[in-house]
A.B. asks: 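Sending over a structure as structure tokens; questions will come in a sec.
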Amino acid sequence: MKIIILGAGLTGLSCAYHLKRKIKKNNNFSFGLYEKEDDAGGLCRSEISRNFIFDYTGHLLHLKSDYAKNLVKNLLKKNLEKIKRNAWIYSKETYTPYPYQANIYGLPIKVVKECVEGFLKTGYCLSGSSYNFQPDTYRSFYDWIINTFGEGFARHFMVPYNKKIWTVHPKEMTCEWMGKFVPLPKIREVLTGAFMPQGKTFGYNSYFYYPQKGGIQVLADALSGKVQSNLFLGKKIKEICLSKKIVEFTDGQQLKYDCLVSTLPLKEMILKIIKKVPYQVKEKAKVLKCNSVLNINLGINRSNISDKHWIYFPEKEFIFYRAGFPMNFSSSMTPPGTSSIYTEIAYRKRGNTSGFSGKMIDGKKLTNRVVKDLIKARVLKKKDAILNTKILNIKNAYVIYDRKHKESTKVIHKFLQENKIYSIGRYGGWKYSTMEDAILEGREIANNLCS
Ligand SMILES: Cc1cc2nc3c(=O)[nH]c(=O)nc-3n(C[C@H](O)[C@H](O)[C@H](O)COP(=O)(O)OP(=O)(O)OC[C@H]3O[C@@H](n4cnc5c(N)ncnc54)[C@H](O)[C@@H]3O)c2cc1C
């Protein structure tokens with residue numbers, strides 16, 4: 001059995017790592033991991049620029065499963081820190097702790113009044129503990145927001161913030177993706193947070209892990225070090241012939257496989273890489289949507305510009321939806337006496353609600369705008385100097401769960417599996433998932449292939 005893994009991001013690396021351990025005991029298997037870049041890691045990489053280390057925006061480890069936690073601890077040994085989240089929201093010229101729905105105390109009284117009034121009328125408040133949270137029973141993410149938190153929370157945070165990050169209105173989205181990603185405080189907690197400091201944390205990422213040195217790349221490096229003899233870099237997949245079970249690379253090399261594990265973006269795989277895909281499957285791939293994120297990173301000539309980890313910006317007048325501070329994840333991210341900031345701007349070519357169009361990408365102009373907005377939010381001072389700018393463009397960033405997502409991905413995965421292709425990971429699966437999910441999914445497919 002010859003297995004080819006396409007893409008050496010965290011999912012591909014984890015699949016290779018677990019296959020290697022299995023294959024030691026079973027000589028009937030062989031595998032290779034092929035990556036187009038000259039480095040493994042995919043989105044779990046870090047760029048070093050003039051002694052600043054920049055990840056592809058914030059990349060923090062949210063480790064809930066014991067297996068993933070132990071694996072990461074074994075791989076990174078002492079180079080791993082557990083950190084308590086310090087995340088904030090900036091709106092109405094006020095900083096309030098994250099999540100908004102549990103912490104509106106401190107915002108202008110009119111905003112608090114509107115949020116509380118709306119909340120008291122929601123299905124959640126009226127039915128209390130019998131309230132149905134089941135995401136699939138709501139027509140849209142917007143309906144869920146209105147039923148759970150009400151008009152005020154929707155108007156002041158949920159709708160503007162989600163329009164900015166997802167690039168579509170929550171009315172166009174389903175609730176399939178929400179799971180752990182949207183914190184759900186109890187009724188009492190929402191009301192407490194409206195009238196006094198909450199003093200409590202919420203959500204799946206209230207703690208996170210991060211390497212003490214080297215940025216998030218060290219995790220990918222640790223994994224790729226374990227599979228080096230099976231890892232082939234600078235190998236871009238050009239074409240796949242299903243009938244002959246052959247993968248062809250852009251350098252002309254052809255390889256035969258029995259089984260393929262792909263972590264390449266699903267849409268691209270169907271529309272550009274696999275030859276002779278049936279019309280119905282192609283049509284399903286055409287409607288898959290994701291946004292892109294432009295990540296503008298700055299190095300600043302002043303230490304401790306913020307004590308926060310990251311800040312959410314729901315308002316239109318700020319171009320980014322989030323900004324964070326790598327030096328507060330680890331002091332190794334910046335040279336002494338400096339600070340760094342990552343900002344995230346979401347965009348999409350068509351039907352964009354984020355307020356930013358990809359056509360506007362112009363490094364210098366955008367950096368000026370980002371700096372201006374950071375001064376407006378009192379993060380930067382006018383006299384601060386920008387020592388370094390690193391712009392990273394994440395073309396496939398957040399998969400958009402619109403009404404066509406579920407059916408389309410189902411049809412495509414069925415077609416691929418019938419042809420012995422397992423398309424996994426955040427973009428192979430075409431879903432919203434984390435680095436922990438990537439590690440676990442890579443392991444699961446390796447176990448299944450060898451069982
Ligand atoms: C803005 C943003 C912030 C995030 N923050 C966090 C966070 O804080 N915590 C967290 O846990 N997760 C976070 N994530 C999610 C995390 O990045 C992913 O879950 C994880 O890195 C996905 O790994 P993957 O291997 O599935 O995909 P990828 O990392 O995309 O790997 C796919 C690989 O395939 C390669 N490839 C593509 N095309 C070809 C080709 N034709 N030939 C050969 N190789 C190819 C790519 O180069 C890449 O290396 C974030 C994601 C984004 C977009």
Side-chain angles (χ1 to χ4, degrees), residues 4-17 32-46 55-64 68 72 83 85 87 165-166 180-181 204-205 208-210 215-217 219-220 223-224 231-240 247-251 253 260-269 272-274 290-297 309-310 320-322 324 326 329 342-347 392-399 423-442 445:
I4 289 186
I5 309 165
L6 305 180
L10 221 44
T11 310
L13 283 168
S14 166
C15 177
Y17 170 80
L33 169 60
Y34 297 86
E35 165 61 45
K36 70 172 177 176
E37 302 290 342
D38 295 328
D39 278 318
L43 281 180
C44 181
R45 282 181 299 159
S46 310
D55 293 344
Y56 282 66
T57 86
H59 259 80
L60 312 161
L61 285 157
H62 311 296
L63 302 170
K64 297 290 169 221
V72 172
I83 301 170
R85 181 190 71 206
I165 179 168
W166 291 101
K180 61 187 172 192
F181 295 112
Y204 79 107
N205 59 0
F208 60 84
Y209 291 84
Y210 194 75
I216 198 64
Q217 171 94 51
L219 176 59
L223 269 174
S224 61
L231 174 62
F232 303 92
L233 297 170
K235 298 290 286 183
K236 184 169 183 187
I237 290 91
K238 183 181 158 209
E239 213 169 77
I240 295 170
V247 175
E248 185 177 337
F249 297 89
T250 47
D251 60 10
Q253 186 187 11
L260 239 165
V261 177
S262 170
T263 67
L264 272 47
L266 192 62
K267 185 166 184 168
E268 191 181 328
M269 186 77 170
K272 296 198 179 140
I273 294 186
I274 300 182
C290 73
N291 73 5
S292 304
V293 166
L294 193 69
N295 168 212
I296 300 189
N297 300 287
H309 288 128
W310 63 87
F320 34 78
Y321 63 82
R322 189 165 50 189
F329 306 149
Y342 66 84
T343 60
E344 299 169 278
I345 304 168
Y347 69 95
L392 302 168
N393 193 5
I394 306 173
K395 206 175 130 224
N396 294 290
Y398 288 86
V399 163
S423 189
I424 61 166
R426 181 160 163 133
Y427 305 103
W430 204 257
K431 61 190 174 199
Y432 187 11
S433 58
T434 64
M435 293 188 282
E436 178 180 55
D437 298 322
I439 292 172
L440 294 177
E441 214 185 345
I445 195 87

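The structure displayed is predicted, hence computed values, not measured ones. Whatever order the structure lists ligands and atoms in, that order sets their numbers, starting from 1.
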A.B. asks: Of the protein's non-hydrogen atoms, which lies at the shortest distance from atom 16 (C) of ligand 1, and what is that distance?
C.D. replies: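 Protein heavy atom with the smallest distance to atom 16 (C) of ligand 1: H59 NE2, 3.6 Å.
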A.B. asks: Which heavy atom of the protein is the closest neighbour of atom 44 (N) of ligand 1, given with residue, atom name and distance?
C.D. replies: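 Of every protein heavy atom, K36 N, 3.2 Å lies nearest to atom 44 (N) of ligand 1.
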A.B. asks: Which atoms of ligand 1 are found less than 4.0 Å from any heavy atom of K235?
C.D. replies: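 Those atoms are 42 (N), 43 (C).
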A.B. asks: For the residue pair F329 and Y210, does the interplanar ring angle fall in the parallel (under 30°), tilted (30 to 60°) or perpendicular (over 60°) class?
C.D. replies: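 If you compare the ring of F329 with that of Y210, the planes turn out tilted.
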A.B. asks: Which of the atoms of ligand 1 are close to A397, meaning less than 4.0 Å from one of its heavy atoms?
C.D. replies: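 Within the 4.0 Å cut-off of A397, ligand 1 contributes 53 (C).
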A.B. asks: Are any of the N or O atoms of E35 closer than 3.5 Å to those of ligand 1?
C.D. replies: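 Yes - when backbone and side-chain N and O of E35 are compared with those of ligand 1, one distance drops under 3.5 Å.
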A.B. asks: With the threshold set at under 4.0 angstrom, would you say L10 reaches ligand 1 through any of its heavy atoms?
C.D. replies: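 Within the 4.0 Å threshold, so yes.
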A.B. asks: If you draw a 6.0 Å radius around NZ in K236, do more than 12 non-hydrogen atoms from other residues or ligands fall strictly inside?
C.D. replies: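 No.
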A.B. asks: Check whether R45 reaches the backbone of G9 with its side chain - one donor and one acceptor, N or O, closer than 3.5 Å.
C.D. replies: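 Not a single qualifying donor-acceptor pair exists.
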A.B. asks: Considering only heavy atoms of G425, which atoms of ligand 1 have at least one such atom less than 4.0 Å away?
C.D. replies: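 It comes down to these atoms of ligand 1: 26 (O).
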A.B. asks: Pull out every atom of ligand 1 sitting under 4.0 Å from any heavy atom of T57, numbered as shown with elements.
C.D. replies: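 Matching atoms, with element in brackets: 1 (C), 2 (C), 3 (C).
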A.B. asks: Of all the non-hydrogen atoms in the protein, which one sits nearest to atom 28 (P) of ligand 1, and at what distance?
C.D. replies: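 The closest one turns out to be L43 N, 4.1 Å.
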A.B. asks: Name the one of K395, E344, R322 that satisfies side chain to side chain contact (heavy atoms under 4.5 Å, CB included) with V293?
C.D. replies: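 Filter result, single survivor: E344.
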A.B. asks: Counting non-hydrogen protein atoms only, what is the nearest one to atom 34 (O) of ligand 1? Give residue, atom name and distance.
C.D. replies: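 Residue, atom and distance for the closest contact: G7 CA, 3.3 Å.
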A.B. asks: Look at the side chain of E436 and the backbone N and O of K64, then say whether any donor-acceptor pair between them is shorter than 3.5 Å.
C.D. replies: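 Present.
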A.B. asks: Of all the atoms in ligand 1, which lie at a distance below 4.0 Å from a heavy atom belonging to I237?
C.D. replies: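 What qualifies from ligand 1 is 40 (C), 41 (N), 42 (N), 43 (C).
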A.B. asks: Give yes or no for whether the N/O distance cutoff of 3.5 Å, strictly under, is met between R426 and ligand 1.
C.D. replies: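 It does: an N or O of R426 is found under 3.5 Å from an N or O of ligand 1.
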A.B. asks: Which ligand 1 atoms are under 4.0 Å away from a heavy-atom of K236?
C.D. replies: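 Heavy-atom distances to K236 below 4.0 Å select 41 (N), 42 (N).
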A.B. asks: Can you classify the ring geometry of F181 versus Y432 as parallel (below 30°), tilted (30 to 60°) or perpendicular (above 60°)?
C.D. replies: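 It falls in the parallel class, under 30°.
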A.B. asks: For D55 and S46, work out which heavy atoms get closest and say how close.
C.D. replies: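 Closest approach of D55 to S46, heavy atoms only: OD1-OG, 2.7 Å.
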A.B. asks: Would you say that more than 12 heavy atoms from the other residues, nucleotides or ligands in this model lie under 6.0 Å from the NZ of K180, or not?
C.D. replies: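 Check passes, neighbour count above 12.
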A.B. asks: Which atom pairs, one a donor and one an acceptor, fall under 3.5 Å between side chains of residues 33-41 and the rest of the protein, sequence neighbours left out?
C.D. replies:
residue, atom, partner, partner atom, Å
E35, OE1, A8, N, 2.7
E35, OE2, E37, N, 2.9

A.B. asks: Ignoring hydrogens, what is the shortest heavy-atom contact between N396 and W430? Give both atom names and the distance.
C.D. replies: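 Nearest heavy atoms, N396 then W430: OD1-CH2, 4.0 Å.
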A.B. asks: Say whether G58, considering both its backbone and side-chain N or O atoms, lies within less than 3.5 Å of an N or O atom on ligand 1.
C.D. replies: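 The answer is yes, given that G58 and ligand 1 share an N or O pair closer than 3.5 Å.
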A.B. asks: Around atom 27 (O) of ligand 1, find the nearest protein heavy atom and jot down its residue, atom name and distance.
C.D. replies: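 Answer for atom 27 (O) of ligand 1: Y427 CD1, 3.9 Å.
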A.B. asks: Looking only at non-hydrogen atoms, find the nearest pair between A68 and L440 and report the distance.
C.D. replies: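 That would be CB-CD2, 4.2 Å.
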A.B. asks: Any N or O of E37 that comes nearer than 3.5 Å to an N or O of ligand 1?
C.D. replies: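 Checking ligand 1 against E37, no N or O pair falls under 3.5 Å apart.
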A.B. asks: When you measure from atom 11 (O) of ligand 1 to every protein heavy atom, which one gives the shortest distance, and what is it?
C.D. replies: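 Here the closest protein heavy atom is M435 N, 2.7 Å.
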A.B. asks: Among all the protein's non-hydrogen atoms, which is closest to atom 38 (N) of ligand 1, and how far away is it?
C.D. replies: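 Among all protein heavy atoms, the one nearest atom 38 (N) of ligand 1 is L264 CG, 3.5 Å.
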A.B. asks: Mind checking what makes side chain to side chain donor-acceptor pair (under 3.5 Å) contact with N205, not counting sequence neighbours?
C.D. replies: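 Testing N205 for side chain to side chain donor-acceptor pair (under 3.5 Å), a comparison that skips the adjacent residues, returns R85.
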A.B. asks: Is there a nitrogen or oxygen of A438 sitting under 3.5 Å from a nitrogen or oxygen of ligand 1?
C.D. replies: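 For ligand 1, there is no N or O atom that lies under 3.5 Å from one belonging to A438.
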A.B. asks: Which atoms of ligand 1 are found less than 4.0 Å from any heavy atom of L60?
C.D. replies: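 Near L60, meaning under 4.0 Å from one of its heavy atoms, ligand 1 has 7 (C), 8 (O), 9 (N), 10 (C), 11 (O).
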A.B. asks: What closest approach, in Å, do K235 and D251 show between heavy atoms, and which atom pair accounts for it?
C.D. replies: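 So the two residues come closest at NZ-OD2, 2.6 Å.
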A.B. asks: Return the closest protein heavy atom for atom 24 (P) of ligand 1 as residue, atom name and distance.
C.D. replies: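 For atom 24 (P) of ligand 1, the nearest protein heavy atom is T11 OG1, 3.3 Å.
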A.B. asks: Using a strict cut-off of 4.0 Å, indicate which atoms of ligand 1 neighbour a heavy atom of S433.
C.D. replies: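 In order of number, 15 (C), 19 (O).
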